[in-house]
**Q** 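Supplied in structure tokens, the structure appears directly below.
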Amino acid sequence: MTEAAQAPVCRRLVGRTAVVTGAGSGIGLAAARRLAAEGARVVCADVDADRGKAAAEETGGLFVATDVTDPGQVAALFATAHATYGSVDVAFNNAGISPPDDDSILDTSLDAWRRVQDVNLTSVYLCCQHVIPYMREQRRGSIINTASFVAKLGAATSQISYTASKGGVLAMSRELGVQFAREGIRVNALCPGPVNTPLLKELFAKDPERAQRRLVHVPVGRFAEPAEIAAAVAFLASDDASFVNAAEFLVDGGIAGAYVTPL
């Protein structure tokens, strides 16, 4: 475990309501845990009922079964959060997929392209569309959209739809942050580097060479742990980040800053 993961947790989110999509595993689960530890009332949204319920039970929060590509279910998610707790102060729009059939543009089918775009980009559009009215009424709110360092860099080992979807999240977050800033709403794009999640493990277990080709470019010499990304989420959600808006918030171990990495 990293020193950051072991550090004492602040209580910056007491009395606030945080909605986390993809809360059943990986970064979403780590974020739900961290936000709850900071005092937030956490609403755990996931398409996997078993994992979502487990996350909600662990964090003392509320589970709402949600297919983030379904406008009605997304609307119901935020309506339920607001009806239950009286506010929606934080939206961590995090749900995403990276399937093996999303590969080079020469090999990726249109169906695979559209499936990734729906889950990774359209879902963020829907979540923002449905949470912003609550935040406008409150005159406050923090939206954190999961983009990726791949929105900033190109890769020869391509996942073309994933990369394009994260670029879209980055651009959309920037625009929303500018549009709604004077109404007390901050919108930021979280851009993690490779994270040691089940999704990454599954992908790289099938292709160790691809994993090594990525790892060699990380200056710190390892992939991130979910708790390290969750710490960034908690910061962006809190008033400590009150002047952080429309930002590309990189948490990538130095990848985006590297030309030649250490031996």
Side-chain angles (χ1 to χ4, degrees), residues 13 16-38 40-85 87-100 102 115-131 134 142-148 161-162 165-166 169 189-190 192 195-203 224-234 236-237:
L13 300 172
R16 300 189 187 181
T17 304
V19 176
V20 179
T21 65
S25 64
I27 294 171
L29 177 57
R33 289 167 173 162
R34 179 60 185 254
L35 295 170
E38 296 246 5
R41 302 168 298 212
V42 180
V43 179
C44 298
D46 206 287
V47 72
D48 186 320
D50 291 338
R51 288 183 174 181
K53 288 176 182 176
E57 182 176 346
E58 179 183 343
T59 58
L62 174 69
F63 169 64
V64 180
T66 310
D67 176 351
V68 292
T69 68
D70 184 309
Q73 292 189 37
V74 172
L77 166 64
F78 291 105
T80 300
H82 189 269
T84 303
Y85 296 120
S87 67
V88 184
D89 305 289
V90 178
F92 181 35
N93 301 323
N94 167 72
I97 59 172
S98 180
D102 178 19
R115 186 169 72 255
V116 173
Q117 294 296 315
D118 281 348
V119 178
N120 290 8
L121 178 57
T122 303
S123 73
V124 175
Y125 153 80
L126 290 172
C127 286
C128 290
Q129 183 181 63
H130 287 288
V131 75
Y134 295 109
S142 174
I143 297 172
I144 305 145
N145 296 325
T146 300
S148 171
S161 190
Y162 181 90
S165 71
K166 295 305 185 179
V169 170
L190 179 68
V195 183
N196 189 21
T197 64
L199 188 67
L200 190 81
K201 290 177 182 176
E202 181 181 359
L203 177 66
E225 292 300 323
E228 294 176 295
I229 309 302
V233 174
L236 291 172

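Not measured: the values here are computed from a predicted model. FYI, the numbering just counts along the sequence from 1.
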**Q** For atom CD of Glu57, is the number of surrounding heavy atoms from other residues, nucleotides or ligands below 6.0 Å larger than 12?
**A**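 Count not over threshold, so no.
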
**Q** Closest heavy-atom contact between Ala231 and Arg34?
**A**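 Taking Ala231 first and Arg34 second, the nearest heavy atoms are CB-NH1, 3.5 Å.
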
**Q** Does the side chain of Val116 reach to within under 4.5 Å of the side chain of Pro99, using non-hydrogen atoms?
**A**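 A side-chain contact exists here, since the closest heavy-atom pair is under 4.5 Å.
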
**Q** Please find the pair of heavy atoms, one from Ser123 and one from Ala95, that lie closest to each other, and give the distance.
**A**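 Reported closest heavy-atom pair: OG-O, 4.2 Å.
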
**Q** So how far is it from Asn145 CG to Lys166 NZ, rounded to the nearest 0.5 Å?
**A**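 Going from the CG atom of Asn145 to the NZ atom of Lys166 covers 9.0 Å.
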
**Q** Would you check, one step at a time, whether the test side-chain contact (heavy atoms from CB on, under 4.5 Å) holds for Leu190 with Phe92?
**A** CA-CA 10 Å; Leu190 179 68; Phe92 181 35; 4.1 Å; yes

**Q** If every non-hydrogen atom of Tyr162 is compared with every non-hydrogen atom of Ser98, which pair is closest and at what distance?
**A**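 Between these two residues, the closest heavy atoms are CD1-CB, 3.9 Å.
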
**Q** Can you confirm whether or not the ring centre of Phe78 sits under 6.0 Å from the ring centre of His130?
**A**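 Aromatic pair excluded; centres sit 6.0 Å or further apart.
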
**Q** Taking all heavy atoms of Val88 and all of Ala81, pick out the closest pair and write down the distance.
**A**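 The pair with the smallest heavy-atom distance is CG2-CB, 4.1 Å.
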
**Q** Got a second to check how far Asp46's CG is from Leu77's CG, nearest 0.5 Å?
**A**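 Taking CG in Asp46 and CG in Leu77, the distance rounds to 11.0 Å.
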
**Q** Mind checking whether Arg115 and Ile97 have side chains closer than 4.5 Å, heavy atoms only?
**A**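 They are in contact (side-chain heavy atoms under 4.5 Å apart), so the answer is yes.
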
**Q** I need the Leu126 CG to Asp67 CG distance, nearest 0.5 Å.
**A**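 Going from the CG atom of Leu126 to the CG atom of Asp67 covers 10.0 Å.
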
**Q** Quick one: closest heavy-atom pair of Pro226 and Gly26, and the distance?
**A**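 Heavy atoms only, the tightest pair is CB-O, 3.9 Å.
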
**Q** Per the side chain to side chain contact (heavy atoms under 4.5 Å, CB included) rule, which among Asn120, Asn94, Asn93 passes with Thr146?
**A**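 Checked Asn120, Asn94, Asn93 against Thr146; only one passes side chain to side chain contact (heavy atoms under 4.5 Å, CB included): Asn94.
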
**Q** Decide if atom CZ of Arg51 counts as having more than 12 heavy atoms of other residues, nucleotides or ligands within a radius under 6.0 Å.
**A**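 No.
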
**Q** Minimum heavy-atom separation for Gly24 to Ala55, with atom names?
**A**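 Smallest interatomic distance, heavy atoms only, reads CA-CB, 4.5 Å.
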
**Q** Any side-chain heavy-atom pair from Pro71 and Gln129 closer than 4.5 angstrom?
**A**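 Heavy-atom side-chain distance check fails, nothing below 4.5 Å.
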
**Q** Report yes if the side chains of Thr69 and Thr122 come closer than 4.5 Å at any heavy-atom pair, otherwise no.
**A**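 No, side chains not in contact.
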
**Q** With the side chain counted from C-beta on, respond yes when Val43 and Thr80 share a heavy-atom pair under 4.5 Å apart, and no when they do not.
**A**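 SC-SC contact between Val43 and Thr80 ruled out.
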
**Q** Between Val19 and Val131, is the side-chain contact (heavy atoms from CB on, under 4.5 Å) condition met? List the steps.
**A** CA-CA 10 Å; Val19 176; Val131 75; over 6 Å; no

**Q** So, taking the atom named OG in Ser142 and the one named CG in Leu13, what distance separates them when rounded to the nearest 0.5 Å?
**A**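 Spacing of OG (Ser142) from CG (Leu13) equals 9.0 Å.
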
**Q** Return yes if some donor-acceptor pair links the side-chain N/O of Asp89 with the main-chain N/O of Thr17 below 3.5 Å, else return no.
**A**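 Yes, because the side chain of Asp89 sits within donor-acceptor range (under 3.5 Å) of the backbone of Thr17.
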
**Q** Give the C-alpha distance, both sets of side-chain angles, the deciding distance and a yes or no for side-chain contact (heavy atoms from CB on, under 4.5 Å) between Ser87 and Arg41.
**A** CA-CA 10 Å; Ser87 67; Arg41 302 168 298 212; 3.6 Å; yes

**Q** Test your reading of the model: is there a side-chain donor-acceptor pair from Thr21 to the backbone of Ala45, 3.5 Å cut-off?
**A**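 Checked: no pair found.
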
